[in-house]
Number of protein chains: 2
Amino acid sequence: MAITIKDVAKLANVAPSTVSRVIANSPRISENTKKRVREAMEELGYHPNFIARSLASQSTKVIGIVLPHSSGVFFQNPFFAEVIHGLSEGAREKHYALQMTTGKTEDELYQGVMQMVQGGRVDGIILLYSRIDDKILSYLKDRNFPFVVIGKPFESVEQITHVDNDNYLAAKEATEYMINLGHKKIGFIGGSPSLTVTIDRLNGYKEALKNSKIKLNENYIIHEEFHREGGQDAVMALLRRSIPPTALIVTDDLMALGVVNSLTEMQIDIPNEVSIISFNNALFAEMSRPPLTSIDIHIVELGYQAARSLIQLLENENEPVKRIIIPHHLVVRHSCASPSILISSDIE
Amino acid sequence: MAITIKDVAKLANVAPSTVSRVIANSPRISENTKKRVREAMEELGYHPNFIARSLASQSTKVIGIVLPHSSGVFFQNPFFAEVIHGLSEGAREKHYALQMTTGKTEDELYQGVMQMVQGGRVDGIILLYSRIDDKILSYLKDRNFPFVVIGKPFESVEQITHVDNDNYLAAKEATEYMINLGHKKIGFIGGSPSLTVTIDRLNGYKEALKNSKIKLNENYIIHEEFHREGGQDAVMALLRRSIPPTALIVTDDLMALGVVNSLTEMQIDIPNEVSIISFNNALFAEMSRPPLTSIDIHIVELGYQAARSLIQLLENENEPVKRIIIPHHLVVRHSCASPSILISSDIE
DNA sequence: ATGAAAGCGCTAACAA
DNA sequence: TTGTTAGCGCTTTCAT
């Protein structure tokens, strides 16, 4: 068995409780005994047992992070690595550990979260996604368990601390960018319609069209999964429209990559025949041929702020509910151009 | 306070230890009382407290994973997401949780590992890298703490369970592939020379050259970090050689991407002027223009097997030390060709 | 400023 | 087959 607080106490000739106070650096212990105790700890190579401490103090200093189910897809997307990067920075700074839960099905995931929460494994939880009617979110909310969501909660927005982009605005700007280039037939390729990020971006897109008096064409809106195949399927569907769009708002780089693949294969020129703007600005956007104009949403920062917010929530009894909006910005590359007069008038 | 084992015991009219045995599904409890106890648990919505269980049983059912320091670079590389994917599958199947440690410096990382280990936070550890003279590995080994490394340990290979590819063979085959195409001036762009993966691949490269009686040119060997800039710097250096290589073995996709970028910018044709073969076969390899011939090392499987091996180690008193080799395979795309007679004879 | 002692929720050895 | 009891290593009242 390892060195315990008792061993230290014995060597330093004090009570275990005194050692405990020294660890917590209680001001009620004289510098003198603090020094003695610390020397004893040093000499014995003592390290506090976190589990015991957790049990006694009812706090673990670990944060649980919940990936969406079907995490297979999620792992492939650069979003995952970046958000974890940010989370791990934020957690490490405050000396919190990170624990991960995944599940193949929603129910498996739910069980995992329940174990984390009721098992007392974590002090708080960060949801890496936000969707409509999420059982897990309801569970956390009902139990009043501390949590933060990355993305905008679908309901009770005012009561849930979350870190998000202004996805409505970002999509509106992206769409306006296309409109300003002269596009009128603009397609929208979004993720699952049950994700709030998709809903917000779709609304931004619609608003921009409305403001410019462009009639919304429901046939121009496609929902697919956030991976390459999703983008491919989406663009194929869009190309089957009697009048295909000349510009596409694609809400994920990996999808956009699929879009580019398909168009390239069909020898459709980007940006002269179809313009594309993507979201997230992962390395893929830069690597694509042509390089994609993309909206950078600063994913690392999203994770970093989420970790910090949760920790504040945990450490401050009555920390208010917060909404943190991470700014986005447009990175212009070479996937957007004015619609070719030829083509657009040709078809009409 | 939440429902405890005592509450259940009271309701079911048994002793707490009986409830504990029911949880563990001990065969020494009658089906009858099992049923009664389970009903009580159900009725109260009882969930066992993992922390208390961990303290009493001295086992946490959590696995610690250690990223290399300078994890900033590591997070960017698709290797990270894939290996975590595999780890999380392997851990979840056996109902283990995953906890992550990162650090900006080696010392910070070391402290983190010490906390995990001595703090009793984890039952075992997986190192996601393998380097020469690793303090952390020595620490784990000295304390006899269960761990598994992904990659080949530099020392005591026979005494440390690890999951690896046959990197020596993979690089040898890659090099032979180039030789068979007719290349004689073959460059090697590897990662840090303190990583065993680099060492193994370099040795495989050298062996292939030797077997084909091609004289080793130390100027053709470059070491850089596993990211794009690394690849760019490396290829620039190689191009400054009086006789630049006509083929490149690049031990990482992201680096290869940098190589391709630089060559493309300089209007050097791939594969006609320079052939490239990369490692890992991430999406980047496929996306690159031209698409890269690459060696797929099955990173997800690496993670999956690592998790399983560690769990076996933890659950079986005298599980033997194991070395698991994940097969690799060559994926041929369009970045390799025979050296142009013109160019190679021209220069010589 | 320090010590004694109870207890966090569970497991496991020992009894019965 | 089940109950009793003593910890696991720490924190935290309550005394002193």
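Fair warning: this is a prediction, and the values are worked out from it, not measured in the lab.
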Measure from the side chain of B:T4, starting at C-beta and using heavy atoms only, and say which of D:dG9, C:dC10, D:dT2 lies closest. C:dC10

Can you give the donor-acceptor pairs under 3.5 Å from side chains of residues 20-28 of chain B to other protein atoms, not counting sequence neighbours?
{"unit_1": "B:N25", "atom_1": "OD1", "unit_2": "B:K34", "atom_2": "NZ", "d": "2.8"}
{"unit_1": "B:N25", "atom_1": "OD1", "unit_2": "B:R38", "atom_2": "NH2", "d": "3.3"}
{"unit_1": "B:S26", "atom_1": "OG", "unit_2": "B:R28", "atom_2": "N", "d": "3.1"}

Identify which nucleotide among D:dT2, D:dT12, C:dG9 has an atom closest to any side-chain atom of A:S57, counting heavy atoms from C-beta outward. D:dT12

A:K141: partners by salt bridge (charged side-chain N to carboxylate O under 4.0 Å, His left out), with sequence neighbours left out: none

Can you check whether A:R53 has a side-chain N or O nearer than 4.0 Å to OP1 or OP2 of D:dG9? no

Distance, rounded to the nearest Å, where A:K6 contributes NZ and D:dC8 contributes P: 6 Å

Near DNA chain D, counting only heavy atoms under 4.0 Å, which residues of residues 38-51 of chain A show up? A:Y46, A:P48, A:N49

Holding to salt bridge (charged side-chain N to carboxylate O under 4.0 Å, His left out), I want the full list of residues that pass it with B:K35, two or more places apart in sequence or in another chain. B:E39

With each end axis built from five pairs of C1' atoms, what bend angle do you get for the helix from C:dA1-D:dT16 to C:dA16-D:dT1? Round to 10°. 40°

Enumerate, atom names and distances included, each donor-acceptor pair closer than 3.5 Å involving a side-chain atom of residues 95-105 of chain A, sequence neighbours excluded.
{"unit_1": "A:Y96", "atom_1": "OH", "unit_2": "A:E315", "atom_2": "OE2", "d": "3.1"}
{"unit_1": "A:K104", "atom_1": "NZ", "unit_2": "B:E89", "atom_2": "OE1", "d": "3.0"}
{"unit_1": "A:T105", "atom_1": "OG1", "unit_2": "A:D107", "atom_2": "N", "d": "3.4"}
{"unit_1": "A:T105", "atom_1": "OG1", "unit_2": "A:E108", "atom_2": "N", "d": "3.0"}

When you check the phosphate oxygens OP1 and OP2 of C:dA12, does a side-chain N or O of B:Q58 lie under 4.0 Å from one of them? no

Have B:Q115 and B:Q111 got a donor and an acceptor in their side chains that come within less than 3.5 Å? no

Strand-adjacent residues in residues 7-28 of chain A, judged by heavy atoms under 4.0 Å from DNA chain C: A:N13, A:V14, A:A15, A:S17, A:T18, A:R21, A:R28

Who passes side chain to side chain contact (heavy atoms under 4.5 Å, CB included) against A:A81, sequence neighbours left out? B:F80

Salt bridge (charged side-chain N to carboxylate O under 4.0 Å, His left out) pairs touching residues 40-56 of chain B, sequence neighbours excluded, are none

Phosphate contact (D:dC8 OP1 or OP2) by B:S54 side-chain N/O below 4.0 Å: no

Under the ring pair (Phe, Tyr, Trp, His ring centres under 6.0 Å) test, which residues partner B:H69, sequence neighbours left out? none

Calculate the interatomic distance between B:I5 atom CD1 and D:dT5 atom P; express it in whole Å. 17 Å

Give a yes-or-no answer on whether the side chains of A:Q118 and B:Y46 include a donor-acceptor pair shorter than 3.5 Å. no

Please pick, from C:dG7, D:dT1, D:dC8, the nucleotide with the shortest atom-to-atom distance to any side-chain atom of B:S30. D:dT1

With sequence neighbours excluded, residues passing salt bridge (charged side-chain N to carboxylate O under 4.0 Å, His left out) with B:K322: B:E319

Between atom CG in A:L55 and atom P in C:dA6, what is the gap in whole Å? 17 Å

Listing, residues 146-159 of chain B side-chain donor-acceptor contacts under 3.5 Å, not counting sequence neighbours, or none:
{"unit_1": "B:K152", "atom_1": "NZ", "unit_2": "B:D200", "atom_2": "OD1", "d": "3.2"}
{"unit_1": "B:K152", "atom_1": "NZ", "unit_2": "B:D200", "atom_2": "OD2", "d": "3.4"}

What integer distance in Å separates A:R121:CZ from C:dC8:P? 21 Å

